[in-house]
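Everything on this sheet refers to the single structure shown next.
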Amino acid sequence: MLMLLFGLLAASMLQVPYARAAEPVKISRDDTALDLTEMTDIYTNQGEAFQVSTAAGADGIRRRIEVRSSSPSHQGDWAVFALANVSEEQLERVIVAPHFRMVGSKLIWPDLGAQRIIAITPSEGFALDREPSPDADVFRITLNPGSVITFVAELSTPTLPQLYLWEPAAYKDTVNAFTLYRGIVLGIAGLLAVFLTILFVVKGTSMLPAAAALAWAVLAYICVDFGFLDKLISITASDQRVWRACAEVALASSLVIFLFTYLNLNRWHVHLGYATFAWIFCLVLLFGVAIYDPSIASGIARLSFALTATAGILLIIYLGLNRFDRAILLVPTWALILVWLFGGWLTVTGQLDNDIIQPALGGGLVLIVLLIGFTVMQHAFAGGAYQQGLFSDLERQSLALTGSGDTVWDWDVSRDRVVTIPDISLRFGLPAGAMHGPIRGWLPRLHPDDRDRFKATLDVLLEHRRGRLSHEFRVRAEDGHFHWMQIRARPVLGSDGEIIRCVGTIIDVTEQKNSVERLLQDAMHDNLTGLPNRQVFLDRLQAVLTLATTSEHVRPTVMSIDIDRYKQVNDALGIAAGDNILIALTRRLRRLLRPQDTLARLSGDQFGLILVSEQDPVKIADFADAVSKAIMVPINFANREIILTASIGLASWVDQQESGIELLSNAELAMYRAKRGGGNRVEPFRPIFRSSGTDRLQIETDLRRAIERKELSLAYQPIIRLSDGEIAGFEALMRWDHPRKGSIPPSDFIPIAEASDLISPLGMFAMERASSDLIDWQRQTGELPIFVSVNLSSAQVLNNNLYSEVRALLAKSECDPRQLKLELTESVMMENPEQARLVLTKLKEIGVGLALDDFGTGYSSLAYLTQFPFDTIKLDKALVRDVRERRAVLLRSVIAMARALEMSVVAEGIETDEDAAELAKMGCHFGQSFLFGPPTSGEATLRLLKERFPLTKRA
């Protein structure tokens with residue numbers, strides 16, 4: 001007793017911590033494995049010297065022992081337990097303290113493992129011997145029969161997750177069994193990682209590298225958890241904590257990447273892509289954190305894994321309900337992930353505690369990767385079956401939005417913040433994010449005319465809380481130019497019925513707006529001079545006349561201005577020179593006008609002018625004289641001086657019943673009278689001028705009736721093949737037998753038809769009758785190797801419906817397109833060369849022949865041979881009948897050129913057989929003149945065909 005008191009007094013004086021051993025754990029020979037964790041007492045911060053009272057021995061006496069740490073830096077953490085051998089024989093056992101156990105490691109700031117026990121000191125004998133082991137602290141002990149021994153363990157950490165007492169052979173068998181299991185699981189994980197990597201190299205789809213990355217992350221985690229990494233490289237216990245934390249971060253990161261890639265989340269909304277990228281970026285930063293504090297990095301990685309699994313199941317449910325095939329196929333895998341996650345949660349919180357759970361969770365990860373491998377292989381080898389079938393409506397909408405390239409416009413009404421994705425500020429040359437923020441920040445950038453309308457549109461939307469936003473406005477870019485923008489958005493209502501958001505698209509429609517404006521400009525203005533066209537001129541004139549009826553100060557005068565000899569200028573200098581001359585004259589005339597006057601281009605070289613600024617007849621005459629003098633000012637072009645004159649007709653408004661069309665017609669009649677008088681003069685309108693146009697109007701009326709009554713007919717002039725004298729075809733010529741006036745030549749009624757709306761029906765009549773007669777001839781004689789040529793006018797070529805009408809005619813008459821040839825003169829194409837080229841190209845595509853008539857009479861005929869798809873040229877009779885010396889040179893050159901271009905040549909106006917023979921020697925293919933036959937009726941032509949082709953038979 002005195003010794004005990006003295007020991008306690010000495011302990012208190014020396015401040016040595018004192019503890020009492022727990023009750024001993026009884027061990028028999030049959031006990032192969034005992035869990036000593038609960039029977040072990042942990043003492044922390046006890047200093048480098050630790051005293052403990054031993055468990056009562058066989059004699060019932062408790063002894064006190066003192067243990068000192070092996071290092072002065074020891075934190076003073078100790079563990080005490082006692083063992084009692086109740087058997088009658090000596091027992092050999094091993095004490096095992098695993099470095100890492102997932103059981104009870106915690107979710108946040110987890111215990112990632114470390115060396116647990118530095119040394120174990122028994123109350124009897126020497127310190128225990130350490131057995132070599134990379135993943136546990138193993139000490140061998142020997143217990144004599146009936147002995148009771150207290151053990152004091154020097155701890156390297158204040159925690160001791162698990163402490164086992166194993167029979168050595170059983171421990172060895174258990175370790176070997178787990179080694180075999182871990183080897184199998186590790187091999188499967190390695191094969192999966194390599195296989196998915198190879199599959200990615202072979203197929204190359206985006207989901208395969210994500211699946212391969214997840215497989216490699218699982219392999220890395222298993223290598224660390226199963227202790228395989230220790231066999232590859234030499235690492236310490238502290239290094240193992242870093243590797244384990246990095247493996248868990250890699251596992252969490254790869255799962256996020258796989259989910260994002262497999263479900264194509266970037267298709268659904270761009271925000272998902274940004275959020276995922278930020279998530280992965282933060283996880284990548286955790287690799288650096290793991291070096292300094294592995295527990296924090298591991299805890300965040302475990303939370304990320306749980307959040308990813310939760311977000312994944314929500315996305316899979318949502319997309320699965322929308323029939324997204326990938327989400328549906330991922331359901332089994334994700335269900336297994338949730339089961340694994342639940343088991344892992346039970347383990348780290350200590351609710352599930354056994355030695356099998358940790359290796360089982362590792363095997364579960366491999367099984368998850370195996371299912372993922374099967375899932376991605378279905379897509380890799382399905383041959384596009386899934387892509388062709390199960391696309392959800394939501395994904396179609398997302399793909400459409402992404403493919404259109406439209407910008408998403410998102411207005412958070414509650415916070416008054418506008419966001420555009422991608423940032424529209426860059427399109428305007430502004431700094432990034434300049435157009436983001438409150439909606440009122442947009443107003444200074446808007447066009448002044450659009451600001452109030454833009455604000456009112458948004459106010460109406462917020463007030464009514466329904467409908468759609470569809471609005472166009474102009475935004476000023478940094479360079480000062482305005483862009484037309486169009487917003488199409490839909491409001492999103494909150495639970496209280498108020499608009500909390502407005503989401504849609506904003507697109508740049510500047511190009512479309514400019515195209516519309518150009519079309520309107522082209523429809524209302526002349527393309528060359530920019531002046532109003534005839535229709536706009538008449539509309540303005542009618543508006544002025546309406547104003548004149550109510551105001552005495554408005555008395556308009558209409559002038560019709562026609563340039564004399566303008567066609568000769570075009571023929572001599574070309575169309576380009578003529579266009580430049582018209583532009584120069586337009587500028588001169590504009591200088592004479594006042595704001596209330598109007599100048600327009602009525603036709604090729606005809607201008608119209610509405611003079612409102614002058615009412616005095618004398619001043620009007622002076623103005624007309626000024627116009628005439630302005631036109632006569634010489635124009636320098638290509639080192640040549642060109643002087644033009646104009647015929648000007650005047651018509652003043654005096655009759656309130658007179659319309660704009662009638663007033664312009666009066667001015668044009670006066671202009672025609674001035675032109676017939678020699679030109680370069682101003683002619684006021686007089687009512688007597690109308691009588692001169694009576695015959696013209698009567699002919700137009702009679703021609704309209706003639707078309708309805710079918711008084712028109714066709715005459716056919718033969719076209720002879722010069723090589724053998726056979727008939728190659730006919731040219732259809734229009735004939736009109738007037739009931740009272742007799743035969744009226746085409747030169748009299750064709751110009752009248754072109755000036756009115758009769759030329760189109762007249763031209764269609766000619767084509768219909770010609771094709772009908774050709775089919776009728778072939779029915780009576782058999783197939784004939786001939787063609788029929790029909791002349792086209794400028795009005796027909798400029799008609800947009802000509803192509804459709806010709807196709808319909810050929811289909812109706814069943815005429816072979818190759819037997820129908822359309823003849824045009826160069827003057828026809830000068831009206832609108834581009835329109836003529838488009839129409840003729842379409843006609844050529846369906847097989848209709850095209851001939852350039854009167855070749856050799858115009859300046860620009862040679863250019864038309866390459867610009868237009870002609871297959872035949874008809875030499876004008878003036879060229880054929882030229883002086884013999886010049887004719888030989890010109891004809892030989894023209895014919896050689898045509899043959900080089902693979903075009904047929906028809907010579908008109910051949911007068912003698914010698915001329916025909918000479919033309920044949922030159923290479924001319926066909927001839928047409930009265931030498932070979934005059935134009936005859938269809939019946940006479942049929943008789944001629946029967947005579948010339950006696951061997952043909954009807955089918």
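Keep in mind the model is a prediction, meaning the values are calculated, not measured.
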> ring pair (Phe, Tyr, Trp, His ring centres under 6.0 Å) with H481: which residues, sequence neighbours excluded?
Replying inline: none
> How long is the gap from CG on L545 to CG on L663, to the nearest 0.5 Å?
Replying inline: 6.0 Å
>> Would you say that Y566 contacts L582 through its side chain, given a criterion of any heavy-atom pair below 4.5 Å between the two side chains?
In response: yes
> Does the side chain of T872 reach to within under 4.5 Å of the side chain of L850, using non-hydrogen atoms?
Replying inline: no
>> Please determine whether the number of non-hydrogen atoms from other residues, nucleotides or ligands lying under 6.0 Å from atom CD of E511 exceeds 12.
In response: no
>> Pair M485, W442 - check side chain to side chain contact (heavy atoms under 4.5 Å, CB included), show working.
In response: CA-CA 12 Å; M485 307 301 296; W442 284 48; over 6 Å; no
>> Working to the nearest 0.5 angstrom, can you tell me the gap between I506 CD1 and R488 CZ?
In response: 12.5 Å
> For the atom pair CE (M767) and CG (L792), what is the distance rounded to the nearest 0.5 Å?
Replying inline: 5.5 Å
> How far apart are the closest heavy atoms of R769 and S713, and which atoms are they?
Replying inline: NH1-CA, 4.4 Å
> Looking at residues at least two apart in the chain, or sitting in another chain, which of them share a salt bridge (charged side-chain N to carboxylate O under 4.0 Å, His left out) with D702?
Replying inline: R740
> What residues form a salt bridge (charged side-chain N to carboxylate O under 4.0 Å, His left out) with E805, not counting sequence neighbours?
Replying inline: none
> Taking only residues two or more places apart in sequence or in another chain, which ones pass side-chain contact (heavy atoms from CB on, under 4.5 Å) with R681?
Replying inline: A674, E683
> To the nearest 0.5 Å, how far apart are OG1 in T557 and CD1 in I620?
Replying inline: 3.5 Å
>> Applying the side chain to side chain contact (heavy atoms under 4.5 Å, CB included) criterion to V627, which one of L593, V682, I648 satisfies it?
In response: I648
>> Test of understanding: with side-chain contact (heavy atoms from CB on, under 4.5 Å), list the residues that count as partners of P634, not counting sequence neighbours.
In response: E641, I643
> Do M734 and L714 come close enough that some side-chain heavy atom pair is under 4.5 Å?
Replying inline: yes
> For W484, which residues count as a ring pair (Phe, Tyr, Trp, His ring centres under 6.0 Å) partner, sequence neighbours excluded?
Replying inline: none
>> Among residues at least two apart in sequence or on other chains, which ones pass ring pair (Phe, Tyr, Trp, His ring centres under 6.0 Å) with H471?
In response: F454, F473
Just list the side-chain donor-acceptor pairs under 3.5 Å for residues 603-611, sequence neighbours left out, or say none.
residue: S603; atom: OG; partner: Q606; partner atom: OE1; Å: 3.3
residue: Q606; atom: NE2; partner: S560; partner atom: OG; Å: 2.9
residue: Q606; atom: NE2; partner: E668; partner atom: OE2; Å: 3.0

>> Using every non-hydrogen atom in the two residues, find where N533 and V536 come nearest and quote the distance to one decimal.
In response: OD1-N, 3.0 Å
> Going through the distances and angles, do I846 and Y803 end up as a side chain to side chain contact (heavy atoms under 4.5 Å, CB included)?
Replying inline: CA-CA 9 Å; I846 62 175; Y803 171 71; 3.7 Å; yes
>> Are there over 12 heavy-atom neighbours, none belonging to I661, within less than 6.0 Å of that residue's CD1?
In response: no
>> Does any part of the side chain of R601, heavy atoms only, come nearer than 4.5 Å to the side chain of P532, both counted from C-beta?
In response: no
> What heavy-atom pair brings A667 and A651 nearest, and what distance separates the two atoms?
Replying inline: N-CB, 3.6 Å
> How far apart are the closest heavy atoms of A732 and V790, and which atoms are they?
Replying inline: CB-CG2, 4.3 Å
>> Walk me through whether L589 and I631 qualify under side chain to side chain contact (heavy atoms under 4.5 Å, CB included).
In response: CA-CA 8 Å; L589 296 179; I631 295 175; 4.3 Å; yes
> What residues, two or more places apart in sequence or in another chain, satisfy side-chain contact (heavy atoms from CB on, under 4.5 Å) together with P817?
Replying inline: L810, V848
>> Keeping Q542 on the side-chain end and G660 on the backbone end, is there a donor-acceptor pair under 3.5 Å?
In response: yes
> Among D562, D564, N680, which one satisfies side-chain hydrogen bond (donor to acceptor under 3.5 Å, both in side chains) with T645?
Replying inline: D564
>> How close do F482 and R474 get, counting heavy atoms only, and between which atoms?
In response: CD2-CB, 4.0 Å
>> With a 3.5 Å distance limit and no angle check, can you tell me whether D479 reaches the backbone of G429 through a side-chain donor-acceptor pair?
In response: no
> What's the verdict on side chain to side chain contact (heavy atoms under 4.5 Å, CB included) for L585 and L644, showing C-alpha distance, side-chain angles and the deciding distance?
Replying inline: CA-CA 10 Å; L585 295 179; L644 297 174; 4.1 Å; yes
>> With rounding to the nearest 0.5 angstrom, report the NZ to CD distance, K821 to E731.
In response: 11.5 Å
>> Does K455, at its NZ atom, have more than 12 non-hydrogen atoms belonging to other residues, nucleotides or ligands within less than 6.0 Å?
In response: no
> R555 side chain to W653 main-chain N or O, any donor-acceptor pair under 3.5 Å?
Replying inline: no
>> Just verifying a value: how many Å separate I561 CD1 and M671 CE, rounded to the nearest 0.5 Å?
In response: 10.0 Å
> Side-chain contact, heavy-atom cut-off 4.5 Å: R427 with T407?
Replying inline: yes
> Just wondering, more than 12 heavy atoms not from D622 lying within 6.0 Å of its CG?
Replying inline: yes
>> Between V554 and P556, is there a side-chain heavy-atom distance shorter than 4.5 Å?
In response: yes
> Just wondering, more than 12 heavy atoms not from R451 lying within 6.0 Å of its CZ?
Replying inline: yes
>> According to salt bridge (charged side-chain N to carboxylate O under 4.0 Å, His left out), who are the partners of D625, at least two apart in sequence or on a separate chain?
In response: K629
>> Does any part of the side chain of L664, heavy atoms only, come nearer than 4.5 Å to the side chain of R534, both counted from C-beta?
In response: yes
> Is there a donor-acceptor pair closer than 3.5 Å between any side-chain N or O of D853 and the backbone N or O of L824?
Replying inline: no
>> Contact between F868 and L852 at the side-chain level, heavy atoms closer than 4.5 Å - yes or no?
In response: no
> So does R445 pair up with E478, basic N to acidic O under 4.0 Å?
Replying inline: yes
>> So which atom in W736 and which in L703 form the shortest heavy-atom distance, rounded to 0.1 Å?
In response: CH2-N, 3.6 Å
> What residue pairs, at least two apart or across chains, pass salt bridge (charged side-chain N to carboxylate O under 4.0 Å, His left out) with a residue in residues 583-596?
Replying inline: R594-E614
>> Restricting to salt bridge (charged side-chain N to carboxylate O under 4.0 Å, His left out), what partner residues turn up for K844, sequence neighbours left out?
In response: D871
> Is there a donor-acceptor contact under 3.5 Å from the side chain of R818 to the main chain of G847?
Replying inline: no
